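A note on names: the letters A, B, ... follow the listed sequences, proteins ahead of strands, and every chain is numbered from 1. The structure displayed is predicted, hence computed values, not measured ones.
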Protein chains: 2
Amino acid sequence: MEFSEGKNIYVQIRDRLVDQILTGMLLPGDKIPSVRELAVDLEVNRNTVMRSYALMEQEGIVDNRRGIGFFVSSNARQRLTQDEKEIFIKQELPRLVHQAKVLKMLPADFKDLFDQLNENQNENKQ
Amino acid sequence: MEFSEGKNIYVQIRDRLVDQILTGMLLPGDKIPSVRELAVDLEVNRNTVMRSYALMEQEGIVDNRRGIGFFVSSNARQRLTQDEKEIFIKQELPRLVHQAKVLKMLPADFKDLFDQLNENQNENKQ
DNA sequence: GTTAGTGTCCTAATTAACTAGGACAGTAAA
DNA sequence: TTTACTGTCCTAGTTAATTAGGACACTAAC
């Protein structure tokens, strides 16, 4: 895995797993890769993966069964869509609005986003 | 200044100055605070500020006159609106679209952004 | 009980970011 | 020329992230 600078690796690993939960690649109750397995897979140290898993456990999105492994907790997806959305609305969106202002961006610049939002809305109606 | 975790301080200082350039608080030709002055002001080491300034110099948004100080380069604002916009479109927007999808966000969640974009467009027309 | 997989704890070492502050050189004005 | 700024280079030390890998305990299956 290619890690970006400027963000800690263990957070990036957490983000990757969170994304897999949100997209449904990982479902509630699913076993996530073992610490050692993922470490080898991502070419990273065991302890770094451990740190990601400890973080996710603390966030309540995975459960830990000693000697067996980590599992996606039953309410992980619901909790994540809630929490991540709140973080986005409160922290990212204000920055985004400000950036749109100072960079004098226009609606056309956000076409892709609009399209996605409309798609979400249509799926919601059905 | 309160620095957020997860992002290097010298980058945050750079971002702060870039924002001041984009908002017009700092104009082309303006002298930016001296390395020592800003270091004291932000309660940070000289070397950390130096690193921010070196980064900005490398980006071509400030000019350095030894023994005098750093100055906002004449084309800083133009260059920044171009570059930052490109970075946004190519790097941030795709992530944003993806996040909007997995979090099933709706147009209403982005009302503040829409309002700002419309405002930009109206200013553009005048 | 042995084996193979799991998480967990531990010490040791490396690296980058940041701090601390001395020392020196360029510049402008008194 | 002196003074007071300015940037610049330097060594030294701290901290957090990461690596490396040994050692141990838990669990399931054979």
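Look at CD on Glu5(B): it is 14 Å from C1' on dT15(D), rounded to the nearest Å. If you take CE of Met50(A) and P of dC10(C), they are 11 Å apart, rounded to a whole angstrom. Straight-line distance from the CZ atom of Phe3(A) to the C1' atom of dT19(D): 13 Å, rounded to whole Å. Taking atom CD of residue Glu37(A) and atom P of nucleotide dA4(C), one finds them 17 Å apart after rounding to whole Å. Rounded to whole Å, the distance from CD1 on Ile13(A) to P on dA17(D) is 14 Å. Leu38(A) places its CG atom 14 Å from the C1' atom of dT6(C), with the value rounded to the nearest Å. Atom-to-atom, NZ of Lys31(A) to C1' of dG7(C) comes out at 10 Å; the value is rounded to the nearest Å.
The side chain to side chain contact (heavy atoms under 4.5 Å, CB included) test with Leu38(B) is passed by exactly one of Ile32(B), Leu17(B), Val44(B): Leu17(B).
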Tabulate protein N/O versus nucleotide N/O from nucleotides 18-22 of chain C, keeping only pairs under 3.5 Å, one per line.
from, atom 1, to, atom 2, distance (Å)
dC18(C), OP1, Ile9(B), N, 2.3
dT19(C), OP2, Asn45(B), N, 3.2
dT19(C), OP2, Thr48(B), OG1, 2.6
dA20(C), N7, Asn45(B), ND2, 3.1
dA20(C), N6, Asn47(B), ND2, 3.0
dG21(C), N7, Arg46(B), NH2, 3.3
dG21(C), O6, Asn47(B), OD1, 3.4
dG21(C), O6, Asn47(B), ND2, 3.0
dG22(C), N7, Arg46(B), NH2, 3.3
dG22(C), O6, Arg46(B), NH2, 2.1

What nitrogen or oxygen pairs link the protein and nucleotides 27-30 of chain C at under 3.5 Å?
none

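The phosphate of dG5(C) has neither OP1 nor OP2 within less than 4.0 Å of any side-chain N or O from Ser34(A). Taking only side-chain nitrogens and oxygens, Asn64(A) never comes nearer than 4.0 Å to OP1 or OP2 of dT6(C).
Judged by distance alone, with hydrogens and angles left aside, the side-chain atoms of Asn122(B) form no donor-acceptor pair with the main-chain N or O of Glu119(B) at under 3.5 Å. Formation of a donor-acceptor pair under 3.5 Å by the Asn118(A) side chain with backbone atoms of Asp115(A) is not found in this model. A donor-acceptor contact shorter than 3.5 Å is absent between the side chain of Asn120(A) and the backbone of Lys104(B).
Side-chain heavy-atom separations under 4.5 angstrom define the hydrophobic clusters, and the remaining members of the one that includes Leu55(A) are Tyr10(A), Val11(A).
Within a 6.0 Å radius of NZ in Lys101(A), other residues, nucleotides and ligands contribute 12 heavy atoms or fewer.
Of all heavy-atom pairs spanning Leu103(B) and Leu80(A), the tightest one is CD2-O, 4.3 Å.
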